[in-house]
Number of protein chains: 2
Amino acid sequence: MTTLEDVARHAGVSLATASRVLNGSSRQVGAMMRARVESSARLLGYRVDATAQALARGASNVVGVVIQDLTDPYFAAIADGVVRAADRHHMVVTLGTTYRDPEREIAHIATLNAQRARAVLIAGSRVADERMLGRLRAELEVYRGAGGRVALIGQDLAGTDTVVPLNREAARDLAVALAGLGHRRFAVLAGPPRLYTATDRAAGFREGLLAAGLPEPVMVPGGFDRDGGRVAALELLASGPEITCVFAVNDVMAVGALAALREHGLRVPEDISLAGFDDIAPLRDLVPALTTVRLPLARMGELALELALSEPAAPRLVPVAGEVVLRDSVTALAGPVQRNLTS
Amino acid sequence: MTTLEDVARHAGVSLATASRVLNGSSRQVGAMMRARVESSARLLGYRVDATAQALARGASNVVGVVIQDLTDPYFAAIADGVVRAADRHHMVVTLGTTYRDPEREIAHIATLNAQRARAVLIAGSRVADERMLGRLRAELEVYRGAGGRVALIGQDLAGTDTVVPLNREAARDLAVALAGLGHRRFAVLAGPPRLYTATDRAAGFREGLLAAGLPEPVMVPGGFDRDGGRVAALELLASGPEITCVFAVNDVMAVGALAALREHGLRVPEDISLAGFDDIAPLRDLVPALTTVRLPLARMGELALELALSEPAAPRLVPVAGEVVLRDSVTALAGPVQRNLTS
DNA sequence: CTGTTAGCGCTTTCAG
DNA sequence: CTGAAAGCGCTAACAG
């Protein structure tokens, strides 16, 4: 391995000069020396040692992102946004995956602290568990004490910069839009009762219905993934209420629900309408195309990095709106309910 | 920031002892001292500095993975496999994304070299461009010279450990299977002519057909993504050959083709059969379910890490078989061709 | 079993 | 504009 010292010696200059020309210092260096150093470096195949640099500078150019699951397109899109933003800032991204285990989340923060990561970005909604939350906060505090910056994507954790998707508001918009199409009896595949993302969406949807003067929807809790959606839909079908439209609190659950409906010989949207949330990209070619709420996932990742990298200030909350996207999986119902039409 | 020295002083022991108890040395330390050090560390909120550790040890616990696109489920699945394997080895993953730009691929390797990454894993098929290949090889050589380990996922690059998906063989199997269902006239949406993954699959498929005694398929080159598949399919439809089955060299292209076929009022599989390659997870709920070739993507990522971390040996090639998965997007054709049935 | 002491490769005052 | 030298936090001989 060629070191800076090798380069300096080869170029006949001091270590300091070599450092100044090779690794972005603001100090000026004479053209001649500069040229000599550069050619020596090239010749010897010199590569900085970022670990030594980090040690000397007391700060790395690493940003850590911790997400729940890389194979979930929702998180992949967020991570992609982070990666793009990090590239622009010439920063290196290290990726941690929790698989929804809070224990692992904490462990990753500790690791990133050890790595002296300049910032850590945490995506994925928190679960209502005070004990874990306390430990998470503590670990974050240690990291902050060491000069680390933190930004969250999802639920607010008090005292932390956060990119907040407006789940509740967007779900309400969706409900109003669906009501406007003439639907009156809804079911909500509501996901886990302690997962904020899920409960916010379900609650917002309910609010929207009530605001439109419609009755309470049938709420079916369940898992937050494809299979959770399928199982919840099967449960719903078994209980047999008269429903014209099903809202699943995320797209992958909606896909599971779609499968369940089909198993029961129901056509979407002819026999029943279906909506999701997130507008996951690989699902855009689903037939029927899924009515959903679009969240600017990649943008949210970028925002989080910008937040973390900007001057520390009073904890900021950056709200991100979702956009209702009506597609073929929902059909308009005839009838006088048209008066509920919004927009 | 609390340092090891702080801990040592607080515990009243030497730096070396503190190091030995806190950071996995094989050396033994007395129970008393150990306890003292541990409690001091906890009390002071000590966190190792991995950058200092890396510098002192001359080796980090970072593994770099460079993929083409995180939002492509193919790469996300591979990266997920790497992450899981890295977790098991207590290694940290840093992720780089090339967006199919060879220039960025090289830059990432340089960065990972600077990071003193213990290993770098590169996924994504190479393009036939000798100039770029030369530069890539050179950068890899510098990295190896510094003690770095490299493993590839995809095309062999000579002299490097590689996990090799058997694209050609699997595509051949697929062709034979489809021939066995009675199809005789095929089109291949072949992807980019210089992308090895694409050409291998197209060539293998053709071989399979010829082996089954069938005529040459219609070959339509194009992009490797969803839209490439759509455009190629439209082209195919415009040229109007009599075809009963279309093979797209990857699943996302198949999805694009499906859209194109539908635009032309063709039903799949009633009017025309369709097959893809990769068995991308988020597409499993497509209707009709896509006939495809399953590749153990996550496993391939794990394998690559194991390869890179194991004792350096003569460059190893680990072949990975693909498995033909017949689903609803392909229908059997009546007729005497049943004699071609394999399996 | 424990402590001393060189570094690891680079940055950064501080002098010149 | 250039150089000398003191660390950054930790590890790993080498002694005891």
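Chain letters run A, B, ... following the sequence lines, proteins first, then strands; residues in each count from 1.
- For C/dG3, the OP1/OP2 oxygens have a side-chain nitrogen or oxygen of B/T17 closer than 4.0 Å.
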### Task
Show the numbers, then the answer: is there a side-chain contact (heavy atoms from CB on, under 4.5 Å) between B/T160 and B/I122?
CA-CA 11 Å; B/T160 308; B/I122 310 177; over 6 Å; no
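- The A/R20 side chain lies nearest to D/dG3 when the options are D/dG3, D/dG9, D/dT11.
- Residue-level contact check: A/G58 touches neither bases nor backbone, having no heavy atom under 4.0 Å from any strand.
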### Task
Apply the test side-chain contact (heavy atoms from CB on, under 4.5 Å) to residues A/V37 and A/R20: give CA-CA distance (whole Å), side-chain angles for both, the deciding distance (0.1 Å), then the verdict.
CA-CA 10 Å; A/V37 171; A/R20 297 201 261 255; over 6 Å; no
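- In this entry the distance linking CE of A/M32 with C1' of D/dC1 reads 11 Å, nearest Å.
- For the pair B/R47 and A/Y143, the NZ or CZ position fails the cation-pi test of under 6.0 Å to the six-membered ring centre and within 45 degrees of the ring normal.
- Side-chain nitrogen and oxygen atoms of B/N23 include at least one within less than 4.0 Å of the OP1 or OP2 phosphate oxygen of D/dT11.
- The pair B/R9-B/E5 meets the salt-bridge criterion, with a side-chain N (NZ, NE, NH1 or NH2) lying under 4.0 Å from an Asp/Glu carboxylate O.
- B/M1 comes within contact range of no nucleotide atom at all, as no heavy-atom separation falls under 4.0 Å.
- Comparing B/V13 and A/T2 against DNA chain C, the residue whose closest nucleotide sits nearer the 5' end is B/V13.
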Shorter than 3.5 Å, N or O on both sides, protein versus nucleotides 5-8 of chain D: list them out with atom names.
| from | atom 1 | to | atom 2 | distance (Å) |
| --- | --- | --- | --- | --- |
| D/dC8 | O2 | A/A56 | N | 3.3 |

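- Applying the side-chain hydrogen bond (donor to acceptor under 3.5 Å, both in side chains) test to every pair with at least one member in residues 67-77 of chain A, sequence neighbours left out, gives these pairs: A/D69-A/T71.
- Taking every heavy atom of both residues into account, A/L4 and A/A18 meet most closely at CD2-CB, 3.5 Å.
- In this structure, the CG atom of A/D6 is 13 Å from the C1' atom of C/dC10, given to the nearest Å.
- Note on B/S19: every side-chain N or O is 4.0 Å or more away from OP1 and OP2 of D/dC10.
- Nearest to the side-chain atoms of B/V48 among the listed nucleotides D/dC10, C/dT11, C/dG9 stands D/dC10.
- Look at CZ on A/R9: it is 16 Å from C1' on D/dA4, rounded to the nearest Å.
- Positionally, the nearest nucleotide of DNA chain C for B/M33 lies more toward the 5' end than for the other of A/L4 and B/M33.
- Distance B/N61 CG to D/dT11 P: 12 Å, rounded to the nearest Å.
- Within 3.5 Å, no donor on the side chain of A/R116 pairs with an acceptor on the base of D/dG9, nor the reverse.
- In this structure, A/Q53 does not reach the C/dC10 phosphate: none of its side-chain N or O atoms is under 4.0 Å from OP1 or OP2.
- B/E105 CD to B/R135 CZ: the interatomic distance, rounded to the nearest 0.5 Å, is 11.0 Å.
- Which of C/dT4, D/dC10, C/dG9 sits closest to the side chain of B/S14 comes down to C/dT4.
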